[in-house]
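As the structure is a prediction and not an experimental result, all values here were calculated from the model.
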Amino acid sequence: MSYGMTWDQALRAVTLSPAEIFGVADRYGSLGPARVANVVVWSGDLRVHDGGGARADSGQGGPAQSRQTELFERYKKLPPKLLA
C-alpha cells in the first residue's frame, strides 16, 4: 500500500482507528452485533476501480451507485480522440 502501510494497517487506518480516536469504537469502526455499519463489497482489488460492487446500508442492500460510478459509466465509452 502507499507510504509503506500493509493492507491490514491501511484498512484499520480508515475504519477502527478513527472510531477509537473519537471514542465510539464500541459502536463504529468494525463489524459485529449491535454495531452501526455501511458495508461495501468489491470483487477484486480495492485499488482498481472497475465500476462493480454492492453495498448494504444499515441492512438495506443494493447496487453500488454513486456520482463517481455514474460519471464512470457516462465517460468510459468516449471515442479515443476525445480521451487524449
Side-chain angles (χ1 to χ4, degrees):
M1 302 301 307
S2 295
Y3 304 105
M5 293 178 120
T6 67
W7 178 267
D8 290 336
Q9 289 170 331
L11 181 60
R12 183 180 170 87
V14 297
T15 56
L16 188 55
S17 292
E20 290 171 339
I21 290 168
F22 287 105
V24 294
D26 61 324
R27 297 181 314 276
Y28 296 90
S30 63
L31 298 176
R35 295 189 176 258
V36 180
N38 292 329
V39 178
V40 180
V41 180
W42 275 271
S43 60
D45 194 326
L46 294 176
R47 295 171 289 179
V48 178
H49 183 274
D50 63 1
R55 74 174 193 327
D57 297 329
S58 301
Q60 303 293 324
Q65 189 67 16
S66 68
R67 179 75 175 140
Q68 181 171 345
T69 57
E70 290 172 9
L71 292 172
F72 174 79
E73 290 300 321
R74 180 188 304 169
Y75 295 112
K76 75 178 183 182
K77 298 175 186 167
L78 286 177
K81 67 179 184 176
L82 294 178
L83 294 175

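Applying the salt bridge (charged side-chain N to carboxylate O under 4.0 Å, His left out) test to pairs two or more places apart or on separate chains, those with a residue in residues 12-23 are R12-E20.
Between L16 and A25, the closest heavy-atom pair is CD1-CB, 4.0 Å. In terms of heavy atoms, G29 sits closest to A19 at CA-CB, 3.9 Å.
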